[in-house]
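Residues: numbered from 1 along the sequence shown.
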Amino acid sequence: MDRVNFDSSSTRRKRQVLGLLLIVLILTGILGYKIYDEGWLLPRAALDLPEEPVLLFFNRHKGCECVLLVYRSADKQIQDWTESQRNGLTLIRVDLDRRPDLGAQFGIYRVPAMLLLDAEGREIFRQEERLSDTRPLDLAAFEARIEEVLNGD
């Protein structure tokens, strides 16, 4: 009879160890996902800008459903904006959820936002206010400003 009790306590101990191991694995997985999603391990190097005018597009990938609609709409606008429409200017995307340091560097705290920088990295044009939820960016205004910059106006 003592042997039966010993086996059941051994089995109970194994279950406790396995339960604890499962909890540790789940917590490790959650932490690993958070590290990836927040970009904790991404290098925080300064943005290497080309020596030509450039567009910086700031957006996020997290938020409530109402703001995600705006973020996705802005992202769709950028995807549909052809290189010829932006006169071949380099477009750099910045996710503020992963790179808040770049947002602070350029004074961007609300998204979607876009900046047009000249060849020296100085700001020429900025848009932080959204036009609508479904078309938040004023790409026509950027196209006009790009024309001015490239034509030397």
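Side chain of Q127 to main chain of E129: a donor-acceptor pair is present (N/O by atom type, distance under 3.5 Å, no hydrogens or angles). Counting only distance, with no hydrogens or angles, the side chain of R86 and the backbone of L89 share a donor-acceptor pair below 3.5 Å. Between the side chain of S73 and the backbone N or O of R135, no donor-acceptor pair lies under 3.5 Å. The backbone N or O of L116 sits nowhere less than 3.5 Å from a side-chain atom of R126 that would complete a donor-acceptor pair.
Between the CG atom of L56 and the CD atom of E123 there is a distance of 9.5 Å, given to the nearest 0.5 Å. Considering CZ of R110 and CZ of F58, their distance stands at 15.0 Å, rounded to 0.5 Å.
When hydrophobic side chains of Ile, Leu, Val, Met, Phe, Trp and Tyr are connected at separations under 4.5 Å, I23 ends up clustered with L27.
Across all non-hydrogen atoms, the minimal contact from Y109 to A104 is OH-CA, 3.9 Å. Between N59 and Y71 the shortest heavy-atom distance is ND2-O, 3.0 Å. Residues V70 and P136 share a closest heavy-atom pair of O-CG, 3.8 Å. Nearest heavy atoms, Q77 versus L139: O-CD1, 3.8 Å. Contact record, L68 with H61: CD2-O, 3.7 Å, taken as the closest heavy-atom pair. Listed here is the closest heavy atom pair of L49 and G121: CD1-CA, 4.4 Å.
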*side chain to side chain contact (heavy atoms under 4.5 Å, CB included) between L137 and L131: does it pass, once the steps are laid out?*
CA-CA 6 Å; L137 299 172; L131 300 179; over 6 Å; no
*With side chain to side chain contact (heavy atoms under 4.5 Å, CB included) as the test, would you mind laying out the steps for L55 and F125 before giving the verdict?*
CA-CA 10 Å; L55 291 160; F125 189 63; over 6 Å; no
_Evaluation steps, side chain to side chain contact (heavy atoms under 4.5 Å, CB included), between L115 and V54_ = CA-CA 8 Å; L115 296 176; V54 65; over 6 Å; no
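The neighbour count for R93 CZ, taken as heavy atoms of other residues, nucleotides or ligands under 6.0 Å away, is above 12. The 12-atom threshold is not exceeded at CD of E51, counting heavy atoms of other residues, nucleotides or ligands nearer than 6.0 Å.
Checked against salt bridge (charged side-chain N to carboxylate O under 4.0 Å, His left out), R122 has the following partners two or more places apart in sequence or in another chain: D118, E120. In this structure D138 satisfies the salt bridge (charged side-chain N to carboxylate O under 4.0 Å, His left out) test with no other residue, sequence neighbours excluded. Residues meeting the salt bridge (charged side-chain N to carboxylate O under 4.0 Å, His left out) test with K62, sequence neighbours left out: D37, E38. With sequence neighbours excluded, no residue forms a ring pair (Phe, Tyr, Trp, His ring centres under 6.0 Å) with F57. With sequence neighbours left out, the salt bridge (charged side-chain N to carboxylate O under 4.0 Å, His left out) criterion links R145 to E148.
Contact annotation: the side chain of L31 approaches that of I35 to within less than 4.5 Å [non-hydrogen atoms, C-beta and beyond]. P53 places none of its side-chain heavy atoms less than 4.5 Å from the side chain of L117. Using a 4.5 Å heavy-atom threshold, the side chains of R98 and Y36 count as touching.
Using modelled atom types and a 3.5 Å distance limit, the side chains of Q105 and D101 yield no donor-acceptor pair.
Between D80 and K76 a salt bridge is recorded (basic side-chain N to carboxylate O distance below 4.0 Å). Between E65 and R72, at least one side-chain N (NZ, or NE/NH1/NH2) sits under 4.0 Å from a carboxylate O, which counts as a salt bridge.
There is a path of hydrophobic side-chain contacts, each under 4.5 Å, that joins I108 to V67. L96 and L69 fall into different hydrophobic clusters, where Ile, Leu, Val, Met, Phe, Trp and Tyr side chains are chained together by heavy-atom contacts under 4.5 Å. Hydrophobic clustering (ILVMFWY, side-chain heavy atoms < 4.5 Å, transitive): I30 and L22 are in one cluster.
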